[in-house]
Amino acid sequence: MADDDHSELPTVLVLRRCPFIALLEPKCSQKFNLLKAWDSPLPQDQFLTTHARSVQALLSSGNGPPITAQILQLLPSLKLVVTNSTGLDHVDLAECRRRGIAVANAAKVFAEDVADTAVGLYIDVMRKISASNRYVRGGLWASRGDYPLGSKIGGKKVGIVGLGNIGLEVAKRLEAFGCSVSYNSRSKKPSLSYQFYSNVCELAADSDALIICCGLTEQTHHMINKEVLSALGREGVIVNIGRGAIIDEKEMVECLVRGEIGGAGLDVFENEPNVPKELFSLDNVVLSPHQAIVTHEAFVALGELVTGNLEAFFSNKPLLSPAVIN
């Protein structure tokens, strides 16, 4: 396509290069003029001011940079933020609401893959799969004999914190394993038969495991604290595929080191990519580098959803996955 034709395409601002943008670019660049802030020698504020009147849509990543009030103030013509994540903790939703800026997220695109990872982490901790793999590879089976017993999945009481799209998929998988599912969420869901707990500490006390599926907000920051972990108890397992800061990581590490909870399966951390080194030597902890969403199928579906949202916006049609920001 000629440069002059390309310049007539709708402009979409992208602040930072990331792997997802690289995957999306071949398809998106045929339909949109991707305005790449990193290609400009100008400081970001000056770059945004230069293009302030022409930018109506912004494509953002859950990995940053955050879409702050300061950035939004520099883009008075902005009407849409499209993010490649389900979580919206990197977007100033209050400022978007104040300015009448719509937000579209990944909606259900990642739900099944993240649920698979959540249940996989839980099974790994309970059946000691990663730990026994290291045992075999280290030649310890021959020298020390059989590996210690794991624990059965069926019959366990599992509490899900956050019964949205991902939480529901986790519940469906756990039911297939014969687990008893209960949940904590912002409100009770009358259409579901799972037992509801309005208090997460009470949920923990009545569960063999907690699986964290909620988003990170001011209300959920460090929601899983010392009190909740103590209620979960010495045999309890915690799995987190939400956001790292939902758990008070320092307290969790201390509980694991002291044997005050039974184990953990963690895909997210409070200060990524930095992970507490105390966890590295614990065989009852399974670690994953925030990759619950990382499948080829999910990224293809996400690319289609992002492109569809942008096409809908520039055609004055309803967004495919509008986020509720009230």
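All values derive from a computational prediction rather than experimental measurement. The basis for the numbers below is simple: all heavy atoms, side chains too, and nothing from hydrogens, waters or symmetry mates.
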[X], [Y]: one ILVMFWY side-chain cluster at the under-4.5 Å cut-off?
| X | Y | result |
| --- | --- | --- |
| Val200 | Val239 | no |
| Tyr135 | Val286 | no |
| Leu210 | Val285 | yes |
| Leu216 | Val228 | yes |
| Ile160 | Val237 | yes |

Minimum side-chain heavy-atom gap [X]-[Y] below 4.5 Å:
| X | Y | result |
| --- | --- | --- |
| Ser60 | Thr83 | yes |
| Ile246 | His221 | no |
| Val12 | Leu35 | no |
| Leu15 | Leu48 | yes |
| Leu75 | Leu58 | yes |
| Asn84 | Ile21 | no |
| Ile247 | His222 | no |
| Ile101 | Val81 | yes |

Out of curiosity, [X] [atom1] to [Y] [atom2], how far, rounded to the nearest 0.5 Å?
| X | Y | atom1 | atom2 | value |
| --- | --- | --- | --- | --- |
| Phe269 | Glu249 | CZ | CD | 7.0 Å |
| Cys28 | Glu311 | SG | CD | 8.5 Å |
| Asp116 | Leu121 | CG | CG | 11.0 Å |
| Leu78 | Arg53 | CG | CZ | 12.5 Å |
| Cys214 | Arg186 | SG | CZ | 9.5 Å |
| Glu254 | Asp248 | CD | CG | 8.5 Å |

Is the side chain of [X] donor-acceptor paired with the backbone N or O of [Y] at a distance under 3.5 Å, no angle test?
| X | Y | answer |
| --- | --- | --- |
| Asn240 | Leu266 | no |
| Asp208 | Gly236 | no |
| Thr220 | Met223 | no |
| Lys156 | Lys152 | yes |
| Glu169 | Asn165 | no |
| Asn133 | Ile129 | no |
| Asn199 | Glu202 | yes |
| Ser40 | Ala37 | no |
| Asp283 | Ala131 | no |
| Asp267 | Gln291 | yes |

Heavy-atom closest pair, residues [X] and [Y]:
| X | Y | value |
| --- | --- | --- |
| Ala264 | Val125 | O-CG2, 3.3 Å |
| Ala104 | Leu319 | CB-CD1, 4.3 Å |
| Phe20 | Leu302 | CE1-CD2, 3.4 Å |
| Ser182 | Tyr194 | CA-CB, 4.5 Å |
| Tyr147 | Ser132 | CD2-CB, 3.9 Å |
| Leu232 | Ser207 | CD1-O, 3.9 Å |

| field | Derivation of the side chain to side chain contact (heavy atoms under 4.5 Å, CB included) call for Leu279 and Val275 | value | CA-CA 8 Å; Leu279 300 178; Val275 177; 4.3 Å; yes
| Going through the checks in order, is the side chain to side chain contact (heavy atoms under 4.5 Å, CB included) test met by Gln70 and Asp45? | CA-CA 9 Å; Gln70 180 182 4; Asp45 286 2; 3.4 Å; yes
Is it true that, when you exclude [X] itself, more than 12 heavy atoms of the residues, nucleotides or ligands shown sit nearer than 6.0 Å to its [atom1]?
| X | atom1 | result |
| --- | --- | --- |
| Lys189 | NZ | yes |
| Arg99 | CZ | yes |
| Trp141 | CH2 | no |
| Lys226 | NZ | yes |

| query | Do the two ring centres, one from Tyr197 and one from Tyr183, sit under 6.0 Å apart? | reply |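 Ring centroids of Tyr197 and Tyr183 are no less than 6.0 Å from each other.
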| query | Under the side chain to side chain contact (heavy atoms under 4.5 Å, CB included) criterion, do Val103 and Val324 qualify, and how do the steps go? | reply | CA-CA 8 Å; Val103 178; Val324 177; over 6 Å; no
| field | Verdict with supporting geometry, His90 and Ser85, side chain to side chain contact (heavy atoms under 4.5 Å, CB included) | value | CA-CA 10 Å; His90 61 293; Ser85 64; 3.1 Å; yes
| message | Run Glu25 and Arg17 through salt bridge (Lys or Arg N to Asp or Glu O under 4.0 Å) and show every step you take. | response | CA-CA 10 Å; Glu25 186 172 357; Arg17 187 197 307 269; over 6 Å; no
| message | Please evaluate residues Glu272 and Arg243 with respect to the criterion salt bridge (Lys or Arg N to Asp or Glu O under 4.0 Å), reporting the C-alpha separation (whole Å), side-chain torsions for both, the decisive distance (0.1 Å), and the verdict. | response | CA-CA 10 Å; Glu272 295 176 4; Arg243 285 289 188 270; over 6 Å; no
| said: Tell me whether Glu175 is salt-bridged to Lys172, with the criterion being a basic N under 4.0 Å from an acidic carboxylate O. | reply: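 Here Glu175 does not pair with Lys172 in a salt bridge, since their nearest N and O are not under 4.0 Å apart.
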| When the ring planes of Phe299 and Phe110 are compared, do they come out parallel, tilted or perpendicular, using 30° and 60° as the limits? |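 Phe299 vs Phe110 ring planes: tilted.
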| field | Side-chain donor-acceptor contact under 3.5 Å, Thr86 with Asn105 | value |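 Not at all, the side chains of Thr86 and Asn105 share no donor-acceptor pair under 3.5 Å.
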| Using a distance-only test with no angle check, is there a side-chain donor-acceptor pair under 3.5 angstrom linking Asp92 and Thr68? |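 Side chains of Asp92 and Thr68: no pair found under 3.5 Å.
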